[in-house]
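One structure below.
To find a chain, count down the sequence lines: A is the first, B the second, and so on, and within it residues start at 1. Values in this document were obtained by computation on a predicted structure and should not be read as measured data.
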Protein chains: 2
Amino acid sequence: MQALFFEHELHLVNTYPRPQLIPGEAVIEPNLIGICNTDVEIMRGYMGFRGVLGHEFVGTVVECDDTAWIGQRVVGEINAACRTCPVCLRGDVSHCPNRTTLGIYQRDGVMAEAFLLPIACLLPVPAAIPDEAAVFVEPLAAALEIIQQAHIRPTERLAVVGDGKLGSLIVQVLRLLGCDLTLVGRHPERWSLFQRQGIRCIHTDEITETGFDLVVDCTGQPGGLDTARRLVRPRGRMILKSTFHADTQLNLSMVVVDEVSLIGSRCGPFAPALRLLERGLIETAPLISGRFPLSEGLQAFEAAHGQLKILLEP
Amino acid sequence: MQALFFEHELHLVNTYPRPQLIPGEAVIEPNLIGICNTDVEIMRGYMGFRGVLGHEFVGTVVECDDTAWIGQRVVGEINAACRTCPVCLRGDVSHCPNRTTLGIYQRDGVMAEAFLLPIACLLPVPAAIPDEAAVFVEPLAAALEIIQQAHIRPTERLAVVGDGKLGSLIVQVLRLLGCDLTLVGRHPERWSLFQRQGIRCIHTDEITETGFDLVVDCTGQPGGLDTARRLVRPRGRMILKSTFHADTQLNLSMVVVDEVSLIGSRCGPFAPALRLLERGLIETAPLISGRFPLSEGLQAFEAAHGQLKILLEP
C-alpha cells in the first residue's frame, strides 16, 4: 500500500506492507489525515522516530475481531497504553511507560492507506460531525487538556501566544469560559475568525499589555516562552504546549522570584472534543489551508510551512 | 413614581418617592426588569425584606456626579459593599458584612421607575447585546459562579437538577466546557432548546442513571437536594444554588460516609456574563415567557408561577 515513511527524511512508498490484524486492535482506513507541527518536528529529529508518520485522522474500521466496529467511522486516542501497569491503573493511560504512540513512538502512523490502533483507543464519530471537522478532534482534545488540568476562572485575563494550528483551537476553547482573552501572534491575516468570536488579537511585536493571570505558549518556537514569560503576572500560570526538537532556556530564578507556575500540557480527552464539535461550538472549516491526495504527501509537507491545517486524503 | 413595594404583601404604589442622588451612586431608570425566584421567596418571608422588590435589570443612568455615566446603558452587581472592610479588601466584596443588596436586603430594588446603585457596581452594556439579553446578566453571572468556584473538568459527568430560570442558564454555561451533561427536570415542554444544544434531558421521576461526578441543585425546592444527593457519586461534588425560605434537611452522615463535597454558590461575576452574551454563546430569547408593563406588576407575579422569565417594563 501507499505510505509516507520517515527515516532520516520523508519518503512516499508505494509498496509498504499493509498492516495485519492483531487481537485487541483494529485495521483502520483513514478518510482524512491532518498534518501537525509535531510531524514537522519529528522530521527534524524529535523523538528519534522511524516509521509511517501521522497521528491526526478520522477513518473507518475495516478489520476487527469485534465485528460491531466494522464499518464504524472513528477517531482515536494516539497513546496505545498497556492498561495493566500502575500508571494505567490509576487512570493516567496517556502517561503509560509502556505505551507506543501513533506515528510518534514505536508505532506506525496514519499517513497510509491503512493502519492499526487498539480498540480501547477508538471513539465512534457522531453522524452530525463531518470528516472535515472530526479530523480536528486530536488537536482539539489537546486544547481541552488545558482546562482538564487547570481551574481557569471566568474572571481571569488570559493570553494565548501563537496563532497557529493549535493556538487557533485553544483560543476557541478558552473563549467558551467567558474569560477576557487575547491572542498574540504573527499572522494578522488569520485573525478575522477570532475577532468575530470576541477574541482580542495583537501582534507579538506590538505587545503593550502585560500582567495576564494565565498565558499559554503554543508557538512551537523557543521564543514563545520568552514572550509568555513577559506577559504573565507575578503568581500567574504559564501553560506550556510547545514541543520541539531543540533545547530551550528559561530563567528559572525569575520564575521563582515571581512565583510563576509552569504547567506542561500534552494530549487531552477525546470525548469532550467530540461533544464540542457536535454542539457546533468550534469552527474548523476556516482553519483548513489546503487538501492533497496522499500520493502528493511530500508536496503537502512543503506547502504546510506557514499554513494552518493541511489535510491528506488516501 | 410607580413602584412595586413589598411589606407583608406586594403593593403597586403610584406615589413612591423618587430616589435622590447621593455621592458615589447613580440614579438609574430600568429599561427591562426580570422576575427572579428570589423575589417570590422574599414574598414568602426570605430575608425579612421590606421595600421596593427586584434586582435583575438593564437600565440607563440618568443622574450621576460623574457625568461620563449619564445616558450609559448599564447592568449592575446587586451587592453594594463598603469596600473598606477586611472582607472587601481581600476581594470578596459580594460577602461584605456591611453590604446592602438591591431589592433583597436594606436597599430598594429595581421594580420602579428609578432606583439607586453605587457606581462601583455598574458595568456598561456593549451595543451588540439587546436589552432582552442584557436583563439576563445577573442570573447568568450566578450560573458562571459555579465555574468560578469549582474546577470542572471536560471529562466529568454533570447533572443539573432543575429546569427552571436558573437551571436554563446553568446548563448553557456548563455545556461550553465540553462535559457530558444531563438536565433533570419536570418541564419537558422546555427541553427542545437544550436538546438542540446537545444536553440530555430526563424527567425527575424517570431517573435511572446515577454516579454523576458533579450535581447542581437549582430547583429552588427542598426536594431538589434529595434528588441531587441520589445522583452524585461517592467523592463527588454537589453545588447548592437554591435559596428558599424554609428549613431543609440533609442526611449529613451519608455525605460523610460517601465523602461528598457540598459547595454553596450565590452571586457571580458580571463581566464574563457580558462576554458570553456578546459572543453569542447563550440563548436567552427562548427563556422569555412573558412581558408586562410595570403597572401590571401584580398580574405579572401571578403569571410568573411555573413559567420561565417574566419581564417588566416601566
Side-chain angles (χ1 to χ4, degrees), chain A residues 77 91-94 123 126 128-129 137 140-158 169 171-182 193-200 213 237 263 267-283, chain B residues 77 91-94 123 126 128-129 137 140-158 169 171-182 193-200 213 237 263 267-283:
Chain A
E77 310 229 19
D92 295 333
V93 291
S94 69
L123 291 94
I129 306 176
V137 164
L140 180 57
L144 275 162
E145 179 69 359
I146 295 171
I147 64 170
Q148 182 78 4
Q149 293 175 287
H151 179 199
I152 300 179
R153 292 173 181 82
T155 51
E156 291 186 288
R157 279 177 67 233
L158 314 185
L169 293 167
V171 289
Q172 290 198 64
V173 167
L174 296 179
R175 74 188 275 269
L176 300 175
L177 303 176
C179 298
D180 178 282
L181 180 58
T182 301
L193 163 66
F194 310 121
Q195 286 165 332
R196 180 164 49 73
Q197 290 182 331
I199 300 162
R200 196 180 305 108
D213 298 305
R237 291 179 287 175
I263 303 167
C267 298
F270 272 49
L274 284 168
R275 285 191 288 262
L276 285 187
L277 289 174
E278 195 174 13
R279 291 171 189 167
L281 290 166
I282 305 290
E283 286 194 59
Chain B
E77 309 228 18
D92 295 332
V93 291
S94 70
L123 291 95
I129 307 176
V137 164
L140 180 57
L144 275 162
E145 179 69 0
I146 296 172
I147 64 170
Q148 182 76 4
Q149 294 176 286
H151 179 199
I152 300 180
R153 292 173 180 82
T155 50
E156 291 186 290
R157 279 177 67 234
L158 314 185
L169 293 167
V171 289
Q172 289 198 66
V173 167
L174 295 179
R175 74 187 274 271
L176 300 175
L177 302 176
C179 297
D180 177 281
L181 181 57
T182 301
L193 164 66
F194 310 121
Q195 287 165 333
R196 180 164 48 74
Q197 292 182 329
I199 300 162
R200 195 179 305 109
D213 298 304
R237 292 178 286 176
I263 303 167
C267 298
F270 273 49
L274 284 167
R275 285 191 289 262
L276 285 187
L277 290 174
E278 196 174 13
R279 291 172 188 167
L281 291 166
I282 304 291
E283 286 193 60

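When each of B/Leu181, B/Leu277, B/Val173, B/Leu276 is scored by its heavy-atom pairs under 4.5 Å with chain A, the top score falls to B/Leu276. For the set A/Gly268, A/Cys179, A/Gly280, the count of heavy-atom pairs under 4.5 angstrom toward chain B peaks at A/Cys179. Across B/Arg175, B/Glu278, B/Gln149, the residue that shares the most heavy-atom pairs under 4.5 angstrom with chain A is B/Arg175.
Neither the backbone nor the side chain of B/Ala273 comes within contact range of chain A; no heavy atoms are under 4.5 Å apart. Contact annotation for B/Ile147: both backbone and side-chain heavy atoms come within less than 4.5 Å of a heavy atom of chain A. A/Leu177 touches chain B through backbone and side chain together, each having a heavy atom under 4.5 Å away. With a 4.5 Å cut-off on non-hydrogen atoms, A/Ala128 does not touch chain B at all.
Shown here for B/Pro154 and A/Pro272, the closest heavy-atom pair between the two residues is O-CG, 3.2 Å. Shortest non-hydrogen contact noted between B/His151 and A/Gln148 is CE1-O, 3.2 Å.
Once rounded to the nearest 0.5 Å, the distance linking CD of B/Glu145 with OG1 of A/Thr155 reads 9.0 Å. Taking CG of B/Leu144 as the start and CZ of A/Arg153 as the end, the distance is 13.5 Å to the nearest 0.5 Å. Separating the CZ atom in A/Arg275 from the CD1 atom in B/Ile199 is a distance of 12.0 Å, to the nearest 0.5 Å.
With sequence neighbours excluded, the residues forming a side chain to side chain contact (heavy atoms under 4.5 Å, CB included) with A/Glu283 are A/Gln172, A/Leu193, A/Arg196, A/Gln197, A/Pro286, listed by chain and number.
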